[in-house]
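Report on one structure; see the data block that follows.
The chains referred to below are lettered A, B, ... by the order of the sequence lines, with proteins before strands, and numbering in each begins at 1. All heavy atoms count here, side chains included; hydrogens, waters and symmetry mates do not.
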There are 2 protein chains.
Amino acid sequence: MKTIRPFTHAVDRLNAAGLRPTRQRLALARLLFEDGNRHITAEQLHREATEGGVKVSLATVYNTLNQFTEVGLLREVAVEAGRAYFDTNATAHHHFFNDDTGELLDIPGDSVVLSSLPDVPENMVIGAIDVVVHIRNK
Amino acid sequence: MKTIRPFTHAVDRLNAAGLRPTRQRLALARLLFEDGNRHITAEQLHREATEGGVKVSLATVYNTLNQFTEVGLLREVAVEAGRAYFDTNATAHHHFFNDDTGELLDIPGDSVVLSSLPDVPENMVIGAIDVVVHIRNK
DNA sequence: TCAATAATTTAGAATGATTTTAAAAAAGAA
DNA sequence: TTCTTTTTTAAAATCATTCTAAATTATTGA
Ligand SMILES: [Mn+2]
Ligand SMILES: [Mn+2]
Ligand SMILES: [Zn+2]
Ligand SMILES: [Zn+2]
């Protein structure tokens with residue numbers, strides 16, 4: 001008996017998001033979501049697709065990553081100027097960033113706690129809180 | 001009677017950092033440090049200099065911002081891919097980032113407290129912790 | 001003071017990431 | 001099938017940043 005889990009298949013995610021399950025989008029969705037959470041750049045995903053025999057242009061990889069982000073399947077994480085990382089875990093969580101290797105890593109669930117929040121400026125509201133813990137070897 | 005304060009003048013900062021106090025570096029140092037803390041991009045600083053009658057190339061603005069960062073007079077803050085912000089407060093502190101306007105703002109001293117830190121991966125050490133609180137209007 | 005030397009600045013080219021354009025291909029509807 | 005809309009794509013364009021190589025400026029040490 002099969003347990004019903006949401007978004008088990010890439011095609012379901014795309015349908016739920018109102019995006020046509022095209023060959024390219026399906027292939028990229030599989031690479032992104034089929035093996036647990038990932039943190040990846042457009043270039044990395046494009047290389048991975050190409051090496052895996054998926055014929056897709058870099059422009060489409062960018063389009064797709066941006067579309068997935070718009071519909072909430074991904075989120076963008078800013079760790080250093082110049083490179084955009086996409087995170088397959090779109091829920092609120094924080095990151096280690098290895099400054100030496102450029103690797104982005106999730107910080108486990110509740111191991112970072114913000115015990116107090118600052119007063120937000122007049123007429124402003126908090127959208128998201130990003131904590132990046134920079135780490136290096138040794 | 002004059003109170004002796006460190007780095008009151010731009011020239012002192014440059015000397016202390018072992019950087020020749022050239023016309024361009026002095027002008028940029030004044031713009032950066034003479035009116036309290038600032039968060040600024042290379043383009044912004046270049047425009048400000050140019051409008052203020054200081055003749056300096058964009059390449060030199062980049063060179064200078066990078067040099068100042070290397071010697072610890074500035075630090076770089078990553079808030080969104082594509083743009084590098086430089087912060088005249090190089091000590092540890094956190095930021096509000098206005099996603100609508102691109103304005104970067106200090107969070108007052110101790111109003112953000114990380115009450116617990118994550119276990120750092122094997123053979124790794126924490127370099128810095130950046131907290132960015134994204135805010136928007138209304 | 002003055003040339004020799006070293007550091008700095010600069011215009012413009014180059015790079016790298018990302019977006020745009022406009023046309024071809026694919027997908028969905030009828 | 002056709003018709004219509006969406007998607008993909010190659011190539012060009014854009015934007016931030018760095019590099020190159022030559023010109024300028026600052027420092028050194030007779
Ligand atoms: Mn984007
Ligand atoms: Mn830099
Ligand atoms: Zn993550
Ligand atoms: Zn700051």
Side-chain angles (χ1 to χ4, degrees), chain A residues 10-11 13-32 39-50 53-71 73-87 102 104, chain B residues 10-11 13-32 39-50 53-71 73-87 102 104:
Chain A
V11 63
R13 288 183 189 254
L14 296 181
N15 284 330
L19 294 170
R20 287 187 182 176
T22 63
R23 183 171 51 76
Q24 294 80 182
R25 288 208 274 237
L26 272 171
L28 296 177
R30 286 201 196 93
L31 290 173
L32 287 169
H39 303 85
I40 198 167
T41 67
E43 279 288 358
Q44 285 168 4
L45 182 59
H46 182 245
R47 181 164 1 94
E48 205 170 291
T50 299
V54 176
K55 214 187 136 204
V56 60
S57 72
L58 182 56
T60 294
V61 172
Y62 274 105
N63 288 341
T64 302
L65 288 172
N66 286 328
Q67 289 158 175
F68 283 13
T69 301
E70 275 160 30
V71 302
L73 290 177
L74 295 176
R75 75 150 145 147
E76 214 175 322
V77 183
V79 278
E80 46 174 28
R83 269 198 297 194
Y85 283 81
F86 293 86
D87 189 339
L104 191 61
Chain B
V11 63
R13 286 180 191 255
L14 296 180
N15 284 331
L19 295 171
R20 289 186 183 176
T22 63
R23 182 171 53 75
Q24 296 78 186
R25 287 209 274 237
L26 272 172
L28 296 176
R30 286 200 197 95
L31 290 174
L32 287 169
H39 304 84
I40 198 168
T41 67
E43 280 285 359
Q44 284 168 5
L45 182 59
H46 182 245
R47 183 166 355 100
E48 206 171 289
T50 299
V54 176
K55 213 186 137 202
V56 61
S57 73
L58 183 56
T60 294
V61 172
Y62 274 104
N63 288 342
T64 302
L65 287 172
N66 285 328
Q67 289 159 176
F68 283 12
T69 300
E70 274 161 28
V71 301
L73 290 178
L74 293 176
R75 74 148 145 149
E76 214 175 321
V77 183
V79 279
E80 44 172 30
R83 271 198 295 194
Y85 283 81
F86 292 87
D87 190 338
L104 191 61

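Residues satisfying the salt bridge (charged side-chain N to carboxylate O under 4.0 Å, His left out) criterion with B/Glu48, sequence neighbours excluded, are B/Arg38. Listed by chain and number, the residues in a side chain to side chain contact (heavy atoms under 4.5 Å, CB included) with A/Val71 are A/Ala17, A/Leu19, A/Leu73 (sequence neighbours excluded). Under the ring-ring contact (aromatic ring centres under 6.0 Å, His included) criterion, B/His46 pairs with no residue at all, not counting sequence neighbours. Residues forming a side chain to side chain donor-acceptor pair (under 3.5 Å) with A/Gln44 (at least two apart in sequence, or on another chain): none.
If you take CD of A/Glu43 and C1' of C/dT15, they are 13 Å apart, rounded to a whole angstrom. One atom, CG of B/Asn66, and another, C1' of D/dC19, lie 13 Å apart when rounded to the nearest Å. Rounded to a whole Å, the CG atom of A/Leu28 is 12 Å from the C1' atom of D/dT8. In this entry the distance linking NE2 of B/His46 with P of C/dT10 reads 8 Å, nearest Å. When rounded to the nearest whole Å, the span between CZ of B/Arg47 and P of D/dC15 equals 14 Å. Atom CD1 of B/Ile40 is separated from atom P of D/dT17 by 13 Å (rounded to the nearest Å). If you measure from atom CG of B/Leu45 to atom P of D/dA16, you get 15 Å, rounded to the nearest angstrom. In this structure, CD of A/Gln44 is placed 16 Å from P of C/dG16, rounded to the nearest angstrom.
Listed pair B/Tyr62 / D/dT17 meets the phosphate criterion, a side-chain N or O lying under 4.0 Å from OP1 or OP2. Checking the phosphate oxygens (OP1, OP2) of C/dA17, no side-chain nitrogen or oxygen of A/Arg83 falls inside 4.0 Å.
Mapping B/Ala81 and B/Lys55 onto DNA chain C by nearest heavy atom places B/Lys55 at the nucleotide closer to the 5' end.
For A/Thr60, whose side chain is taken as the heavy atoms from C-beta onward, the closest listed nucleotide among D/dT8, C/dT18, D/dT17 is D/dT8.
In this structure, CG on B/Leu45 lies 5.0 Å from CG on B/Leu32, to the nearest 0.5 angstrom.
Contact of the A/Tyr85 side chain with the A/Leu74 side chain is not registered, since no non-hydrogen atoms from C-beta on lie closer than 4.5 Å.
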Checklist entry - Can you give one letter per nucleotide of nucleotides 20-30 of chain C, going 5' to 3': B for a protein heavy atom under 4.0 Å from the base, S for sugar-phosphate only, - for none? => result B------SS--
Show me the side-chain donor-acceptor pairs of residues 58-65 of chain B shorter than 3.5 Å, one per line, residues at least two apart or across chains.
from	atom 1	to	atom 2	distance (Å)
B/Thr60	OG1	B/Ser57	OG	3.1
B/Asn63	ND2	B/Ala59	O	3.4
B/Thr64	OG1	B/Thr60	O	2.7

